[in-house]
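Note that the numbering runs from 1 along the sequence shown for the chain.
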Amino acid sequence: MTQTNKTPPVKDAPISRSTTQNPQRPLFLIKEMALVERVGTEDVWSWLAAGWADLKSNMTTSVPYAGLFILVGIAISFGFYFMGWPYLILPALSGFLLVGPAVGIGFYEISRRQASGSKASLWDAITAARYNKLGIFGFGVALTFIFQVWIRLSFTVFALNFPGIMPEWDVILLRSFSMEGIYFGISISLVGAVFATGIFFVGAFSMPMMMDRKSMLLPSIITSAYAVSQNRNAMLLWAAIIVIFTGIGLVTAGIGLMVTLPLIGHATWHAYKQVMSGDLPDGETHAAGTLASKNE
């Protein structure tokens with residue numbers, strides 16, 4: 001007689017509540033990281049368009065706020081000149097790209113209020129760091145330190161290419177097309193590119209994230225670096241636009257910065273809002289785990 005083996009029915013495994021609500025919930029390296037979205041190069045132009053719209057709507061606040069930093073730069077330049085240190089002017093101006101993320105915080109506040117249907121005053125822009133004093137202050141200190149390192153390295157590169165020569169303007173102009181001048185230009189450009197790339201990775205989104213989400217410094221810079229690495233093409237284009245616009249502002253004796261600086265700042269806010277979604281309610285953090293993005 002043949003016995004039929006009846007396999008008992010297998011009960012369905014219990015499904016957790018988190019699985020049903022969010023079956024592909026990513027894990028994060030550390031708490032407080034933001035969820036990173038993928039964007040394309042076409043989105044960069046929409047950031048600029050949105051930034052231009054914010055600039056036009058807040059002209060009486062954005063332009064004076066930019067003017068404050070331009071006046072500070074002019075004062076520093078004249079100070080170096082009258083103190084007999086004119087050779088410090090060029091490194092200081094080129095270092096403007098390194099401290100750019102800290103300058104933009106007022107523009108982020110203006111755009112944030114514009115999106116909520118209100119207007120920001122000049123005082124609101126100046127005091128935007130009040131939303132996250134500790135994190136923003138820490139980032140500002142870090143940028144100041146990096147700026148000082150940049151100044152010292154620029155002198156070191158000059159000394160290596162022009163041994164025994166003081167970094168005077170007439171010397172630099174006289175030898176700019178010599179072999180030493182060409183080597184110096186290449187060397188300082190490579191060193192500056194390394195500094196600028198590092199600052200761009202950690203500073204592209206960290207400052208608006210700290211202001212918007214009130215996150216701490218470490219989660220913000222890690223999320224920023226991860227977001228840049230996940231959107232390489234778009235961020236490469238965005239970095240090139242920032243360099244070009246800042247360069248236009250500098251070669252026009254700072255006049256162009258009255259427009260390009262607010263435009264970049266407002267556009268950066270819209271870039272942040274698209275790249276880093278508001279995936280967490282206030283006061284909540286992600287579980288620590290492995291880095292992941294929503295679209296992986």
Side-chain angles (χ1 to χ4, degrees), residues 33-56 58 62 65-66 69 94-112 114-115 128 139 142-143 146 189-190 192-213 215 220-251 256-278 291 293-296:
M33 286 188 67
L35 196 64
V36 173
E37 301 281 0
R38 298 287 180 86
V39 295
T41 54
E42 66 279 0
D43 294 308
V44 175
W45 308 113
S46 66
W47 304 340
L48 285 173
W52 178 248
D54 285 353
L55 174 58
K56 291 192 298 182
N58 299 274
S62 295
Y65 179 74
F69 292 97
S94 59
F96 188 82
L97 287 170
L98 303 180
V99 299
V103 175
I105 185 170
F107 301 119
Y108 310 152
E109 171 64 1
I110 295 171
S111 290
R112 187 187 71 82
Q114 176 73 17
F139 192 62
L143 288 179
I146 292 173
S189 298
L190 291 175
V194 172
F195 270 75
T197 301
I199 293 296
F200 184 73
F201 265 85
V202 301
F205 301 112
S206 55
M207 190 67 79
M209 180 178 170
M210 282 187 285
M211 191 191 78
D212 185 42
R213 299 168 64 102
S215 61
S220 300
I221 62 177
I222 291 179
T223 307
S224 177
Y226 179 65
V228 172
S229 66
Q230 291 298 300
N231 296 283
R232 288 180 291 273
N233 293 337
M235 299 313 297
L236 183 62
L237 175 60
W238 181 229
I241 291 174
I242 292 176
V243 172
I244 293 172
F245 280 15
T246 305
I248 292 174
L250 292 176
V251 299
L257 288 174
M258 300 290 286
V259 176
T260 59
L261 193 59
L263 178 58
I264 293 172
H266 292 308
T268 298
W269 174 258
H270 291 282
Y272 156 74
K273 295 301 290 184
Q274 182 179 2
V275 173
M276 297 185 182
S277 61
L291 272 172
S293 97
K294 186 177 181 180
N295 293 329
E296 286 181 342

K.L.:
Closest heavy-atom contact between Ala204 and Ser224?
P.N.:
N-OG, 3.3 Å

K.L.:
When rounded to the nearest 0.5 angstrom, what is the spacing between CD in Gln230 and OG1 in Thr223?
P.N.:
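OG1 of Thr223 is found 12.0 Å from CD of Gln230.
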
K.L.:
Show the numbers, then the answer: is there a side chain to side chain contact (heavy atoms under 4.5 Å, CB included) between Ile146 and Phe195?
P.N.:
CA-CA 8 Å; Ile146 292 173; Phe195 270 75; 3.7 Å; yes

K.L.:
Any chance you could measure Ser62, atom OG, to Met258, atom CE, to the nearest 0.5 Å?
P.N.:
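It is 10.5 Å, given to the nearest 0.5 Å.
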
K.L.:
Is there a donor-acceptor pair closer than 3.5 Å between any side-chain N or O of Asp54 and the backbone N or O of Ala115?
P.N.:
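No, Asp54 side chain to Ala115 backbone: no donor-acceptor pair under 3.5 Å.
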
K.L.:
Distance-only, no hydrogens or angles: does the Thr197 side chain make a donor-acceptor pair with backbone N or O of Ala193 under 3.5 Å?
P.N.:
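Indeed, once roles are kept as given, a pair shorter than 3.5 Å links the two residues.
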
K.L.:
Provide the closest heavy-atom pair for Met276 versus Ala227 in the form atom of the first, atom of the second, distance.
P.N.:
CE-CB, 3.9 Å

K.L.:
Given the rule in the side chain to side chain donor-acceptor pair (under 3.5 Å) test, do His266 and Asn58 qualify, once you have shown the distances and angles that lead to the verdict?
P.N.:
CA-CA 10 Å; His266 292 308; Asn58 299 274; 5.6 Å; no

K.L.:
Quick one: CD on Gln274 to CZ on Phe205, what's the gap to the nearest 0.5 Å?
P.N.:
9.0 Å

K.L.:
Would you name the heavy atoms of Met209 and Ser220 that are closest together and state the gap between them?
P.N.:
SD-CA, 3.8 Å

K.L.:
Write down the atom of Gly106, the atom of Tyr65, and the distance for their closest heavy-atom approach.
P.N.:
N-OH, 3.2 Å

K.L.:
Under 3.5 Å, is there a donor-acceptor pair linking the side chains of Asn233 and Thr41?
P.N.:
no

K.L.:
For Gly40 and Ala234, which heavy atoms make the closest approach, and how far apart are they?
P.N.:
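Smallest heavy-atom distance, with atoms named: O-CB, 3.6 Å.
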
K.L.:
Any side-chain heavy atom of Asp212 within less than 4.5 Å of one from Tyr108?
P.N.:
no

K.L.:
Answer yes or no: is there a side-chain heavy-atom contact under 4.5 Å between Trp238 and Asp43?
P.N.:
no

K.L.:
In Å, rounded to the nearest 0.5 Å, how long is the span from CD1 of Ile241 to CG of Leu236?
P.N.:
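Atom-to-atom, Ile241:CD1 and Leu236:CG are 10.0 Å apart.
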
K.L.:
Side chain of Arg213, backbone of Met210: donor and acceptor closer than 3.5 Å?
P.N.:
no

K.L.:
Are side-chain heavy atoms of Met235 and Phe200 found at a separation under 4.5 Å?
P.N.:
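In contact.
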
K.L.:
CG/Leu263 to NZ/Lys56 distance, rounded to the nearest 0.5 angstrom?
P.N.:
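Nearest 0.5 Å value for the CG-NZ distance: 11.0 Å.
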
K.L.:
First locate atom CD1 of Ile222, then atom CZ of Phe201, and finally report the distance between them rounded to the nearest 0.5 Å.
P.N.:
14.0 Å

K.L.:
So which heavy atom on Trp47 is nearest to which on Ala267, and how close?
P.N.:
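So the minimum-distance heavy-atom pair works out to O-CB, 3.3 Å.
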
K.L.:
Which residue in the set Thr260, Leu257, Leu261 passes side-chain contact (heavy atoms from CB on, under 4.5 Å) when paired with Phe245?
P.N.:
Thr260

K.L.:
Side-chain contact test, heavy atoms from C-beta onward, threshold under 4.5 Å: evaluate it for Phe107 versus Trp269 and give yes or no.
P.N.:
no

